[in-house]
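Just below is one structure, and these are the notes that go with it.
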Amino acid sequence: MEQNQRLRILAVETSCDETAAAVVRKETHEQFVTIERSIVASQISLHQKYGGVYPEVASREHIKQILPVISEALDLPLQTKGRLPDFKLHDIDALAVTHGPGLIGSLLIGTQTLSSMSLATNTPLIAINHLAGHVYASFIKTEATYTTPQFPLIALIVSGGHTMLLHMSDHHHYQLLGQTRDDAVGEAFDKVAKLLALPYPGGPHVSKLALKGNRDTYRFPIGLEREETLDFSFSGLKTAVLREIKQPMTAKVKADIAASFERAAIEALLYKTAKALDQFPVKHFILGGGVAANTYLRQRLATLLEYRTPAVSLHVPPTHLCTDNAAVIGAAAAFGPVQPTNPSDLITYARLPLTSH
Ligand code: KG4
Ligand code: ZN
């Protein structure tokens, strides 16, 4: 694939409640990718009445959305309802698809569709771990001020399903430094949002409400604060918030709970980040995953690095590349040595550790 001057990839992501397709491009000599098109069909409004993702509803919606979204990413008109237009993938060098972790029924819609396209067009198919996508969001150039992360680096990946610190010595060489022992940080945001009667997904709503509150009103626990480990824990924090929920709550009390919770959750991330940087002196740090869209985290992390480790460059993607999308899956596929998979051997996994290639 790499003998061309450039690599053009069609990527698809359907691991949870977003049906997404993107075309990304990487020039052989560049250490970043650019996005030609990125389409995300969000199902948030469908799941809101359930207060979370309803897996069966998610799969059905992916079935409805997948072909229109791919057509739009390829800039092709959908001529017949439910069918891809006649297409030739002569300008696409590879297909990339998320094959885990995530909801099996949702993942299967993406993997089955791209396996079929790969077989029909004889285009190589690359299976990508969703978490690698969150890492590689930082390898997408979106603005003139962009700088490429260099190895070795540390990545903090914070999403609705995962919270992990990784050390990377090269592309797709992952060493897990620490991860959550119970809830993911995004899950904690979503659960606290429910306790405060805020809509799903809770993270952005808690964050917005927190701006009106006092972060010092409640002294919520910082998970594993006194332990040497680089692991995280957020279940105690969630339980501590639950203990303060007494109906009816005034708007002020709700805002103070949101603000104090957000502070404790972000402190836990910063505390282990500082420890990881002490133990692994790197020059580059990547932040990724849905919770990386959180303004308070972005600001506090920037301040922490500025004062503690000013030589470390912080790479934070724009917020639309933090939450789930397909461009980041394409970016992960663009950096070898992830080998193409035989479409008929492609396996989908609900749980999938991030392993090195
Ligand atoms: O990466 P992502 O889009 O999906 C998963 O892979 O899980 O992350 C979704 C998570 C949800 O828990 C959502 O509440 C959280 O990211 N999130 C936020 C913010 N935006 C999204 N959490 C805190 N503050 C935000 N601004
Ligand atoms: Zn994600």
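Whatever order the structure lists ligands and atoms in, that order sets their numbers, starting from 1. No experiment lies behind these values; they were computed from the predicted model shown. All residue numbers refer to positions in the sequence shown, counting from 1.
Annotation: cation-pi geometry satisfied between R215 and Y296 (NZ/CZ under 6.0 angstrom from ring centroid, within 45° of ring axis). The side-chain tip of K141 points at the ring of F32 from less than 6.0 angstrom away and within 45° of straight on.
Not a single heavy atom of H162 sits closer than 4.0 Å to an atom of ligand 1. Heavy atoms of E18 stay at 4.0 angstrom or farther from ligand 1. For the pair G161 and ligand 1, a heavy-atom separation below 4.0 Å is found.
Checking A293, G203, G290 against atom 21 (C) of ligand 1, the nearest heavy atom belongs to G290.
Salt bridge present: D256 and K252 bring a charged side-chain N and a carboxylate O closer than 4.0 Å. Remark: R181 engages D231 in a salt bridge, criterion side-chain N to carboxylate O under 4.0 Å. A salt bridge between R6 and E30 is absent, with no side-chain N of the basic residue lying under 4.0 Å from a carboxylate O of the acidic one.
Separation of the Y218 and F261 ring centroids does not fall under the 6.0 Å cut-off.
Among all non-hydrogen protein atoms, the one lying nearest atom 14 (O) of ligand 1 is D190 OD1, 2.6 Å. Counting only heavy atoms of the protein, atom 4 (O) of ligand 1 lies nearest to D324 OD2, 3.1 Å. Atom 10 (C) of ligand 1 has G160 N, 3.5 Å as its closest protein atom, hydrogens excluded (heavy atom only). Of the protein's heavy atoms, N294 ND2, 3.0 Å lies nearest to atom 24 (N) of ligand 1.
There is no side-chain donor-acceptor pair under 3.5 Å between Y146 and H315. With no hydrogens or angles considered, a side-chain donor-acceptor pair links T19 and H62 at under 3.5 Å.
Applying the 4.0 Å criterion to heavy atoms of H134 picks out, from ligand 1, the atoms 1 (O), 6 (O).
The only option from E225, E228, E227 that meets the salt bridge (Lys or Arg N to Asp or Glu O under 4.0 Å) definition with K275 turns out to be E228. Of the options E267, E262, E306, a salt bridge (Lys or Arg N to Asp or Glu O under 4.0 Å) to R300 is made by E267 and by none of the others.
Protein N, O or S atom count below 2.8 Å of the Zn ion (ligand 2): the structure gives 3.
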